**Q** 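Have a look at this one before I ask anything.
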Amino acid sequence: MTDLRDRLVELLGDEPPAPHDIDRIVVAGRRARRRRNAALAAAGTFGAAGLTAAVVIPVMSAGGNEASVSVAVQPTPTPTPTPTAGQCYLISAPPQAAKRDLTRLLHSGKVGAKADVTQLPSRKHGNSTLLQVCSQGAAPQGSSDDQQPPAGPPYRYTEKPDAIATRLGAHLRDQVTGLGLDITYTRPFAQESSNLDKGHPSYFDGNVDVHEASGYADIGVQVTHETTEPVPFTGDCTPDSHCEETKLPDGSVLRTGQVKAGRGDVVLTAEVHRPDGVVVQAQESNYPFGPQAGSQPHGDQPLTLDQLVSLAEDPDFTF
Amino acid sequence: VRYVLLVVGMSPADEMAFRAYASSHRAALRRTAFLLCGDWHQADDLVQSTLVKLFVAWPRMRSADRPEAYARRTLVHCFLDERRRPWRREAPVDGFADQPAGADPSDLRLDLRAALDRLPARQRATVLLRYWADATVAEAADALGCSEGTVKSQTARALHTLRGLLADPALVTEESS
């Protein structure tokens, strides 16, 4: 009998020294917190557009205490105990911490004697509460949901995930061989995302390596639903790269772009966002991922851009 | 309307606690990351991302929160997110299918690494959480954001696949032995 853990230990035999410097991590962490602040501020703006679902609580202030607030505010561009017209504060924290921060803010006098406190819908996981605290009359009047992404219909699986994976894999192989390409390796489609059973669909991802005259390359497809989560576009939209967004006649949105992954590695992406919430990302790379990876020369891009777009538009890539 | 974000900062005591935690746990995180992705450079990137996220979340952690659980969850999510990038697709180790199972430990490493790489990313994460990171079913479910039933089924599938790929029906875990 062999124990899995014992065998996993053997994989670590050639462990190189760790490069991590805690100081660098702390510096990066501070930077990340500043970025997060900015992102939360943006999320609050979006949330404010959808106030119809929020509860608005008028709150009376109990007086000023600037010192207690300075502990919690980071950074405060213009700290002043005088209420600023048209100013709102966002508090993002677990419920208890949010209540504490809210109390400190109200005591500071920054939002005046009367403030509007609104709990905004939070898109973050976990138990964070997002509060918007505005001086009187400053709260945005949310009547438009224009900036909210479409929620899409609730998703219900109509096939077993294994069956979906098998069907998508067979279809990709059919399409690729139909284009006259020689498949040398197949990575079966698999259900990969982290929301398998919380009422969300997962995404399915698979790819094939192909052999052509100049070497090896790869074609992959990822199918998901936007109701799960925003789909990260994998094209690199720099000014000097091909990157376009096109509205298709059926209402779909097509994006194309490319990523230079280094050492001459290029990945082209065609991504179609369909009206029903399905998103198909078709990618082709000029290098293989299978057994030939690293040992065989790169090929050219195996598909033309039109062929790649056709793959992304293929209605059979769905679930 | 002008927004000002109110965020609880990190106190010196918090930062010291974070530094102590990161110093003492980064090696273990790094090994788990390596087993997940099979590449030390990528493992270092994953650990860096995980610790940075942990730093951001540190002041908000309630006393009941175990940083280990948060770090484990973050590491797994960083890994799964990276897998969505097409240029991060894994390449199975060359020669896997023809690799004879010999007494040379390097042969065994090659086999197991290749077998892990053949597992879907989530199954790999599940089996490593359970049998490398010693996570309970409930802890693994928390890290993966799924039910305990899903953890059990993913674990069973992963072990079944590993036994087949390694041609080692005797492959056991402490739990199953």
Side-chain angles (χ1 to χ4, degrees), chain A residues 1-5 7-8 10-13 16 18-20 22 25-26 28-29 32-33 36-37 40-41 44-45 72-74 76-77 86-91 93-94 97 101 105 138 140 190 192-198 207 220 232 234 259 261 265 267 283 285 289-291 293-295, chain B residues 1-9 15 18-19 22-23 26-27 30-31 34-35 40 44 47-48 51-53 55-56 60 62 76-77 80 83-87 89-92 94-96 105 108-109 112-113 120-122 128 131-132 144-147 150 162 168 170-174 177:
Chain A
M1 291 196 301
T2 47
D3 187 83
L4 177 57
R5 188 181 175 88
R7 296 193 61 176
L8 290 170
E10 293 171 6
L11 292 179
L12 302 168
H20 299 114
I22 301 297
I25 289 171
V26 168
R33 182 180 292 143
R36 181 172 175 268
N37 289 353
L40 276 172
T45 304
V73 174
Q74 184 212 26
T76 307
Q87 181 146 300
C88 293
Y89 291 76
L90 294 176
I91 299 173
D101 293 347
L105 177 62
E192 298 281 24
S193 71
S194 57
N195 292 316
L196 286 189
D197 48 15
K198 288 191 170 176
N207 57 296
T234 53
V259 167
D265 298 348
V267 179
Q283 297 118 3
S285 64
F289 292 91
S295 63
Chain B
V1 173
R2 202 160 68 86
Y3 281 90
V4 177
L5 190 66
L6 193 66
V7 176
V8 172
E15 187 169 314
F18 171 81
R19 284 174 180 272
S23 298
R26 62 179 167 167
R30 187 172 184 245
R31 288 176 193 135
F34 172 75
L35 292 174
W40 285 109
D44 289 332
V47 171
Q48 165 97 5
L51 289 177
V52 166
K53 289 181 179 178
F55 178 90
V56 173
R60 298 228 178 270
R62 294 163 297 166
V76 168
H77 284 200
L80 292 175
R83 294 301 101 176
R84 296 195 75 163
R85 305 285 181 186
W87 54 92
R89 287 190 186 120
E90 289 114 351
D94 192 15
F96 167 76
L108 293 175
R109 282 203 298 271
L112 181 56
R113 181 71 263 169
R122 274 185 61 87
L128 288 173
Y131 300 116
W132 173 255
L144 289 159
C146 65
S147 70
T150 300
L162 284 178
D168 184 3
L171 180 73
V172 295
T173 63
E174 194 173 319
S177 58

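These figures come from a predicted structure and were not determined experimentally.
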**Q** Can you name the closest pair of heavy atoms from Gln48(B) and Ala28(A) and give their distance?
**A**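 Looking at all heavy atoms of both residues, the closest pair is NE2-CB, 4.0 Å.
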**Q** Quick one: CZ on Phe34(B) to CG on Leu12(A), what's the gap to the nearest 0.5 Å?
**A**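 The CZ atom of Phe34(B) sits 6.5 Å away from the CG atom of Leu12(A).
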**Q** Within this structure, what is the CG-CZ distance for the pair Leu11(A) and Arg31(B), rounded to the nearest 0.5 Å?
**A**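 Nearest 0.5 Å value for the CG-CZ distance: 13.0 Å.
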**Q** To the closest 0.5 Å, what do you measure between CG (Leu8(A)) and CG (Leu35(B))?
**A**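 If we round to the nearest 0.5 Å, Leu8(A):CG and Leu35(B):CG are 5.5 Å apart.
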**Q** For a quick test of reading the model, state the closest non-hydrogen atom pair linking Gly29(A) to Val56(B) and the distance between them.
**A**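 So the minimum-distance heavy-atom pair works out to O-CG2, 3.7 Å.
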**Q** Looking at Ile22(A) and Ser23(B), what are the two nearest heavy atoms and their distance?
**A**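 Scanning both residues completely, I find the closest heavy atoms to be CG1-OG, 3.6 Å.
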**Q** Tell me, with the steps shown, if Glu15(B) and Val26(A) meet side chain to side chain contact (heavy atoms under 4.5 Å, CB included).
**A** CA-CA 8 Å; Glu15(B) 187 169 314; Val26(A) 168; 3.7 Å; yes
**Q** Out of curiosity, Trp132(B) CH2 to Leu4(A) CG, how far, rounded to the nearest 0.5 Å?
**A**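 With rounding to 0.5 Å, CH2 (Trp132(B)) is 10.0 Å from CG (Leu4(A)).
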